[in-house]
Amino acid sequence: EKQEGDHVANIRLEDTPSLLAYRFLEKLYDTSSKTVDTLGRAINEIDANILDVRSSSIIRNISIVQRNLIYFTTTLHAAIPCFEELENKSINFGDSTIKEYWGDLVDTLKQQRDLIEDFDGLLSKLAKAHENVLSYHTNHVIHVLTIISVIFLPLNLIAGTFGMNFSYIPAASHFLG
């Protein structure tokens, strides 16, 4: 399908392999850009909810985004050398007007790879921050339980001692006791 404005380097692409290659590059760029944007939005959502201790889905979301980052990084690491080869070597693929776009695609994919690596580092730091928040919350709960134990354990000891049924307890024969 040929649309108005389909051109590369101001040269009209007719029904040639160059048009097919151009469409392929365009779809690849659009898809990878949408994927990077989706991953960025997911990381922003995790960042917005990172301090919510009650949300059990944060760890799950971090794991899912990390898995997606790994998949996308693996795909980019496999694709970049292929397109670098198309850029660096004189491989005849359509007419010469499409060759300059291999370089643009390689640069774009490398930028996306770098952005994905930044996302991975940010996500690791967010996971660590969430872990710290959970640790702080756990420490606070343990602190409260320790205070309750300090209050009730001596009372429990006294009640247990004076609740025994034998006559050798001090003050057992006292007139108030």
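As a basis for the values below, the full set of heavy atoms in this structure was taken, side chains included, without hydrogen atoms, waters or symmetry mates.
- When side chains are defined from C-beta on, Leu39 counts as touching Asn68, because their heavy atoms get closer than 4.5 Å.
- If you take CD on Gln66 and CD1 on Ile43, they are separated by 9.0 Å, rounding to the nearest 0.5 Å.
- Linking Ile, Leu, Val, Met, Phe, Trp and Tyr residues whenever their side-chain heavy atoms come within less than 4.5 Å leaves Leu134 and Val141 in two separate clusters.
- One finds the CG atom of Leu122 at 8.0 Å from the CG atom of Asn44 (value rounded to the nearest 0.5 Å).
- Note that NE2 of His77 and CG of Leu109 are 11.5 Å apart. Values are rounded to the nearest 0.5 Å.
- Note on Ile64 and Tyr71: separate hydrophobic clusters, where clusters join Ile, Leu, Val, Met, Phe, Trp and Tyr whose side-chain heavy atoms are under 4.5 Å apart, directly or indirectly.
- Of all heavy-atom pairs between Leu76 and Pro81, the closest is O-CD, 4.5 Å.
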Derivation and outcome, side chain to side chain contact (heavy atoms under 4.5 Å, CB included), residues Gln112 and Glu117:
CA-CA 9 Å; Gln112 289 178 348; Glu117 288 172 357; over 6 Å; no
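- For the atom pair CD of Gln111 and CD1 of Ile116, the computed distance is 12.5 Å after rounding to the nearest 0.5 Å.
- Ile147 and Leu155 fall within a single hydrophobic cluster, where Ile, Leu, Val, Met, Phe, Trp and Tyr are joined by side-chain heavy atoms under 4.5 Å apart, directly or via other members.
- Listed here is the closest heavy atom pair of Pro154 and Ser149: CD-O, 4.1 Å.
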What's the verdict on side chain to side chain contact (heavy atoms under 4.5 Å, CB included) for Val36 and Phe119, showing C-alpha distance, side-chain angles and the deciding distance?
CA-CA 9 Å; Val36 169; Phe119 283 170; 4.0 Å; yes
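- Remark: the backbone N or O of Leu28 is not paired with any side-chain donor or acceptor of Thr31 at under 3.5 angstrom.
- Counting heavy atoms from C-beta on, the side chains of Tyr136 and Asn132 never come closer than 4.5 Å.
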Evaluate side chain to side chain contact (heavy atoms under 4.5 Å, CB included) for Leu123 paired with Leu69, printing each intermediate quantity in order.
CA-CA 10 Å; Leu123 198 59; Leu69 286 173; 3.8 Å; yes
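- Heavy-atom contacts from other residues, nucleotides or ligands closer than 6.0 Å to CZ of Arg60 number 12 or fewer.
- Distance NE2/His130 to CG/Asn61: 10.0 Å, rounded to 0.5 Å.
- The hydrophobic cluster containing Ile142 does not contain Leu153, counting ILVMFWY residues as joined when their side-chain heavy atoms lie under 4.5 angstrom apart, directly or transitively.
- With rounding to the nearest 0.5 angstrom, the CD1 atom of Ile58 is 9.5 Å from the CD atom of Glu45.
- Ser135 contributes no side-chain N or O that, together with a main-chain N or O of Glu131, makes up a donor-acceptor pair within less than 3.5 Å.
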Before giving the answer on side chain to side chain contact (heavy atoms under 4.5 Å, CB included), spell out for Thr73 and Asp120 the whole-Å C-alpha distance, their side-chain angles and the decisive distance to 0.1 Å.
CA-CA 10 Å; Thr73 302; Asp120 188 40; over 6 Å; no
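- For His140, the NE2 atom is loosely surrounded, since the number of other residues' heavy atoms within 6.0 Å does not exceed 12.
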